[in-house]
Amino acid sequence: MRAHGTVHKYGNNVDTDVIIPARYLNSSDPAELAKKCMEDIDPEFVGRVKAGDIIVANKNFGCGSSREHAPIAIKAAGVSCVIAETFARIFFRNAINIGLPIIECPEAAKAIEAGDEVEVDFDNGRIYDITKGASYQGQPFPEFMQKIIKAEGLINYING
Amino acid sequence: MGMTMTQKILAVHAGLDKVAAGQLIEADLDLVLGNDITAPVAIHEMEKVNKKGVFDKDKIALVPDHFTPNKDIKSAEHCKCVRDFAGEHNITNYFEIGEMGIEHALLPEKGLVVAGDVVIGADSHTCTYGALGAFSTGVGSTDMAAGMVTGKAWFKVPSALKFQLTGKPAKWVSGKDVILHIIGMTGVDGALYQSMEFTGDGIAHLSMDDRFAMANMAIEAGAKNGIFPVDEKTVEYMKEHSSRDFKVYEADKDAEYDNTYVIDLSALKPTVAFPHLPENTKTIDEVGNIKIDQVVIGSCTNGRIEDLRIAAGVLKEKKVAKGIRVIILPATQAIYLQAMEEGLLATFIKAGAVVSTPTCGPCLGGHMGVLAAGERAVATTNRNFVGRMGHVESEVYLASPAVAAASAVTGKISGPSELGL
Ligand code: SF4
């Protein structure tokens, strides 16, 4: 499985309140949440994002509330992968559980810039910055989580 | 190598003699929690599962507390979804308006969590129950859905940080100040994926409400859970609120910690977290002249009876400064009633504050006190992210009930000592 797209870059501690503000949590419809994705940190994101794009951020991405609406909004906005130095733990769980691929790689997160064209190979955790001609080794998922991701989420996994 | 308190609880619930940090386990759950924001997503997910029933109708708690009493039509639809589900599956612990409260104040009060339990909740502040010596952690809606069906959840066994508390806090220093001090020290990702295990003889000087406030904010340091040892105060609390058997776990003497912090509680001062992260802390003598527009006293962090007593102690026979809006939200119906019987509500109303029904309300910028652009609030809540209480250009300062109440009187961020208290 591979992701390929243009990078949207953010800093440290991007919290779930800016990914999807609480004022929109009276909806749980992915399409509706996608329209408000990143509104409080990057109001132009929704207009700019294209299917397959990749979010790259620094430390503690997704900190704050447990709202699954955050990874749902990102996925529904068309983002194919999030790369960060580290993820907040509930966001990490939620992303895996809903089938949004995420990958931890401090080197890539620091070096990749907004607008770069990036490709990610989920099977081995390799990240390729095509614009810069650089590549990085991200943290591949443990086998247990690979199974959940392959099943496209926890619900399918427990059904299977 | 020994196990931490958290690891011991997880091992038993996974049916293992021993677990080590980093190990992936599947643990049995004693309780699965959801609220009016997260449960509808979980219910929707659950409908996709072949085996549709819940694992145990007594071990699921559903608390509509965020946008309730329903703030708009969409919220009403969400609450209806939760209510219908609770009815259909005969869920014992569904709490309707009139008996509800903010989930993390309500569950311990109703005796639904006791020492030794493993609890997941689709709400990040589920870590609050660590105050009782339970392992509890926040998850998302899909985990909640899977938990409701299977009664199990997967965990990566966490390593731990040890916080050794010594000494006795000064008069106006509460659990909130201790945890703000700690987060200021560790940063908002200082305990990422780890347990925060509190120990030391300083704990004896912290009330249960102090401990709830501290465990509540473990997530604000990125932690998986925060946990306190069980002492006489814990046992007394559990006996008063629950008929369930509890189990006391202690960390092994040779348990491994990634780091140990020694904190002298007697040296701490009232502490305030500046926008827009809980780690931006200053002690009260460092805050300077910060004028405010609103004060919020409530939430799952500081809406308990002791918090209201402290706030009333500061506001007694005083007036809220002109132009300042003070909103007080007792966290549960029982706390509301007790505050009324003790005369605290009268003190608040005479001072010029409003007292609201239990709800999360302004804590997440939901309703009942949302901020306009450029406005500032002092709040006893737990998060001050951009836009948390309203407009993206508003600001939230996190503080204890004592500081929030004193600020209400002066109209700027102040400690009770500024009022001669
Ligand atoms: S009071 Fe605030 S932090 Fe606590 S559960 Fe409600 S919204 Fe979350």
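Chain letters run A, B, ... following the sequence lines, proteins first and then strands; every chain starts at 1.
In this structure, the side chains of B/His367 and A/Arg23 stay at 4.5 Å or more apart for every pair of heavy atoms. Residues A/Arg67 and B/Thr38 fail the side-chain proximity criterion, which asks for heavy atoms closer than 4.5 Å. Side-chain atoms of B/Val392 and A/Val18, non-hydrogen and from C-beta on, never get closer than 4.5 Å to each other. Counting only heavy atoms from C-beta outward, the side chains of B/Tyr193 and A/Phe87 approach each other to under 4.5 Å. Residues A/Thr16 and B/Phe385 form no side-chain contact, since every pair of their non-hydrogen atoms from C-beta on lies 4.5 Å or further apart. Counting heavy atoms from C-beta on, the side chains of A/Arg93 and B/Phe155 come closer than 4.5 Å. With contacts defined as side-chain heavy-atom distances shorter than 4.5 Å, the pair A/Leu25/B/Phe67 qualifies.
Interface remark: B/Leu277 contributes side-chain atoms only to the contact with chain A (heavy atom separation under 4.5 Å). Proximity to chain A (any heavy atom under 4.5 Å) is shown, for B/Thr126, by neither the backbone nor the side chain. Using a 4.5 Å cut-off between heavy atoms, B/Leu364 contacts chain A through both its backbone and its side chain. With a 4.5 angstrom heavy-atom cutoff, B/Leu24 touches chain A only via side-chain atoms. Residue B/Asn382: no heavy atom, backbone or side chain, is found under 4.5 Å from chain A. The contact between B/Ala223 and chain A is made entirely by backbone atoms, counting heavy-atom distances below 4.5 Å.
Heavy-atom pairs under 4.5 Å with chain A peak, among B/Gly387, B/Gly140, B/Gly390, at B/Gly140. With respect to chain B, the highest number of heavy-atom pairs below 4.5 Å among A/Ile148, A/Ile72, A/Asn94, A/Ile90 belongs to A/Ile90. Ranked by heavy-atom pairs shorter than 4.5 Å toward chain A, the options B/Val49, B/Val386, B/Thr137 are led by B/Val49. With chain A as partner, the option from B/Ile37, B/Asp143, B/Asp36 having the largest number of non-hydrogen pairs under 4.5 angstrom is B/Asp143. Note on A/Arg89, A/Glu39, A/His69, A/Lys59: by heavy-atom pairs under 4.5 Å with chain B, the leading option is A/Arg89.
Between B/Ser124 and A/Ser65, the shortest heavy-atom distance links the atoms OG-CA, 3.5 Å. In this structure, A/Ala88 and B/Leu192 approach most closely via the heavy-atom pair CA-CD1, 3.8 Å.
In this structure, the side chain of A/Asn159 engages the main chain of B/Lys48 through a donor-acceptor pair within 3.5 Å. Side chain of B/Glu45 to main chain of A/Ile155: no donor-acceptor pair is present (N/O by atom type, distance under 3.5 Å, no hydrogens or angles).
Note: A/Tyr24 OH to B/Lys74 NZ = 10.0 Å, rounded to the nearest 0.5 Å. The CG atom of A/Asn26 sits 11.0 Å away from atom CD of B/Glu77, with the distance rounded to the nearest 0.5 Å. For the atom pair CZ of B/Arg388 and CG of A/Asp40, the computed distance is 12.0 Å after rounding to the nearest 0.5 Å. The distance from atom CE of B/Met144 to atom OG of A/Ser66, rounded to the nearest 0.5 Å, is 10.0 Å. We find the OG-NE2 distance between A/Ser27 and B/His78 to be 6.0 Å, quoted to the nearest 0.5 Å. B/Asp189 contributes atom CG, which lies 4.5 Å from atom CG of A/Asn60 (distance to the nearest 0.5 angstrom).
In A/Lys132, the NZ atom is crowded: over 12 heavy atoms of neighbouring residues, nucleotides or ligands sit closer than 6.0 Å. For B/Lys71, the NZ atom counts as densely surrounded, since its 6.0 Å shell holds more than 12 non-hydrogen atoms of other residues, nucleotides or ligands.
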**Request:** Give the C-alpha distance, both sets of side-chain angles, the deciding distance and a yes or no for side-chain contact (heavy atoms from CB on, under 4.5 Å) between A/Asp15 and B/His276.
**Result:** CA-CA 11 Å; A/Asp15 63 76; B/His276 289 286; over 6 Å; no

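Note on A/Asp17 versus B/Arg383: no salt bridge recorded, every NZ/NE/NH1/NH2 to OD/OE distance being 4.0 Å or above.
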